[in-house]
Amino acid sequence: MNVTDLFQDQIPLLRPWTGEEEVRAAAEVILSGWISQGPKVAEFETAVAGYVGARFGVATNACTTALHLTLHLSGVGPGDDVVMPSHTCMATANAVHHAGGRPVFADIDPRTYNLDPECAAAAITPRTKAILVVHQIGLAADMEPFAALAASRGLALIEDGACSLGARSRGRRVGGIAAPTCFSFHPRKMITTGEGGMITTNDEALAAKARTLRATGASISDLERHKAKGVLVQKYGEVGYNYRLTDIQAAIGLVQMRKLDAMVEQRTAQARRYDAALAGLDEVEPPYVPPYATHAYSSYLIRLRAGARLDRDALLRRMAERGISCRSGIQPLHQEPFYEARYSGVHFPASEEAARATMFLPIFPGLTEEQQERVIAELRSALGR
Ligand SMILES: *Cc1c(COP(=O)(O)O)cnc(C)c1O
């Protein structure tokens, strides 16, 4: 059965925008004789770094591993605390553990769903080593208060831009704003390479160390050795990892980068259509975009206002019954079983309210106006009075 048959009459929550161009790019690499990390990875790094306005890009096999390297190279190790939002993907916190640190959660701004600077400041302990800001669901956070906070307290600052490639804050693209930033190329994100990640940074030493650590700790890369016609021999000065992206993935990523602006445009047009339709539905609060930021709309998150006819879970079920795939909003980490036992008694009202009352609507390049009309009509008939 063809994959598209699975989607007949169904409106999926998301779908990657990949086609013949990606197939050809991957096939070329497969036939080239150089399949793992090599020239295409280098080209992809230059493309992403150039796009976001950072000096360096270091590709990895996921955002989780990009975050691990960045945390480690920012000095986070055993005994260190990292202040970060509870309202994020488990992967963000996993990376802190991989580096040996401990996540210390803080609450979000209920309007932007991004980390609240005052909550972050209040969460700082004598053991805090870093602040990890997440640009959540496509909306760029304001980095100015975090940069000031990190500078005044002598802390490292790291950005998780996993789902926000293409968004801007105060005119600058996520990845080129304030600190080393990690991206994901999982199919749920703005562009995809199947799996994949990247660090963008202006810090030359951090980039160089990340390049070494991602590839077994070797002092020179396979590509450098190849260019030197085999006369260079790598040395191992430390314990490294295998976090390499392949050239097959990077070739796909290069095609995706050429489509990125068009994808942001399509998503933005779809968001405007939802915004306009939902303005007439009192029960629903559309996403808020503060004046300093742009939204890349990797997701379209709505909040059900108190007193809506259906609660969020009932609405999700009803949409699913009608063939429209939506999903509940982000569930805060402090309520996940792993942390519940370890962080008992902590409460983050804005994160908890977002978990209860928010849900994602379908948004992706290729979603048609007719499909959006169906989503809107179902919301109206479910919630309208
Ligand atoms: C998806 C995501 C990650 C993890 O990315 P992977 O590439 O799957 O490791 C981390 N942080 C955020 C905010 C994400 O959305």
Side-chain angles (χ1 to χ4, degrees), residues 13-14 16 41 44 48 57-72 76 82-99 101 103 105-106 108-109 112-115 120 130-141 143 146 158-167 169 174-175 177 179-200 210 214 241-246 249-250 252-253 256 267 287 295-301 327-334 336 351 354-355 358 360 363-364:
L13 182 65
L14 58 109
V41 167
F44 184 43
V48 175
V58 182
T60 56
N61 59 352
C63 182
T64 305
T65 52
L67 283 166
H68 171 206
L69 293 183
T70 307
L71 286 156
H72 171 67
V76 173
V82 176
V83 172
M84 58 172 283
S86 174
H87 179 269
T88 186
C89 157
M90 189 68 188
T92 314
N94 285 344
V96 174
H97 289 283
H98 296 329
F105 298 126
I108 50 169
D109 175 331
T112 62
Y113 305 102
N114 282 327
L115 187 60
I131 303 172
L132 176 47
V133 178
V134 181
H135 300 278
Q136 198 53 270
I137 60 173
L139 178 65
M143 290 308 296
F146 296 111
I158 296 155
E159 300 173 52
D160 178 344
C163 43
S164 298
L165 182 63
S169 186
V174 170
I177 304 174
T181 305
C182 299
F183 291 101
S184 171
F185 308 127
H186 181 273
R188 270 207 82 158
K189 318 300 167 144
M190 292 301 294
I191 66 163
T192 189
T193 59
E195 297 280 356
M198 195 176 296
I199 306 163
T200 59
R214 73 167 167 191
Y241 304 90
N242 179 358
Y243 288 171
R244 284 184 292 253
L245 192 75
T246 67
Q249 293 167 301
I252 295 170
Q256 292 269 296
R267 288 175 177 278
H295 208 311
Y297 294 105
S298 61
S299 298
Y300 190 89
L301 187 70
R327 196 167 299 166
S328 58
I330 294 169
Q331 303 305 297
L333 297 179
H334 71 281
E336 291 297 335
S351 302
T358 65
F360 295 112
I363 193 165
F364 54 89

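Just follow the structure's listing: the first ligand is 1, and inside any ligand the first atom is 1.
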Q.
Please give me the minimum heavy-atom distance between M84 and L115, naming the atom from each residue.
A. C-CD1, 4.2 Å
Q. R267: what forms a salt bridge (Lys or Arg N to Asp or Glu O under 4.0 Å) with it, not counting sequence neighbours?
A. none
Q. Side chain to side chain donor-acceptor pair (under 3.5 Å) with R327: which residues, sequence neighbours excluded?
A. none
Q.
Does either side chain, that of T64 or that of N94, offer a donor lying less than 3.5 Å from an acceptor on the other one?
A. no
Q: Apply side chain to side chain donor-acceptor pair (under 3.5 Å) to Y243 and list each qualifying residue two or more places apart in sequence or on a separate chain.
A: H68
Output, or 'none' if empty, a list of ligand 1-protein atom pairs in which both atoms are N or O and the distance is under 3.5 Å, rounded to 0.1 Å.
{"from": "ligand 1", "atom 1": "5 (O)", "to": "S184", "atom 2": "OG", "distance (Å)": "3.4"}
{"from": "ligand 1", "atom 1": "7 (O)", "to": "C63", "atom 2": "N", "distance (Å)": "2.9"}
{"from": "ligand 1", "atom 1": "7 (O)", "to": "S184", "atom 2": "OG", "distance (Å)": "2.7"}
{"from": "ligand 1", "atom 1": "9 (O)", "to": "C63", "atom 2": "N", "distance (Å)": "3.3"}
{"from": "ligand 1", "atom 1": "9 (O)", "to": "T64", "atom 2": "N", "distance (Å)": "2.9"}
{"from": "ligand 1", "atom 1": "9 (O)", "to": "T64", "atom 2": "OG1", "distance (Å)": "2.5"}
{"from": "ligand 1", "atom 1": "11 (N)", "to": "T92", "atom 2": "OG1", "distance (Å)": "3.2"}
{"from": "ligand 1", "atom 1": "11 (N)", "to": "D160", "atom 2": "OD1", "distance (Å)": "3.3"}
{"from": "ligand 1", "atom 1": "11 (N)", "to": "D160", "atom 2": "OD2", "distance (Å)": "2.7"}
{"from": "ligand 1", "atom 1": "15 (O)", "to": "K189", "atom 2": "NZ", "distance (Å)": "2.7"}

Q: Grab the two heavy atoms, one from I191 and one from G253, that are nearest each other, plus how far apart they are.
A: CD1-O, 4.3 Å
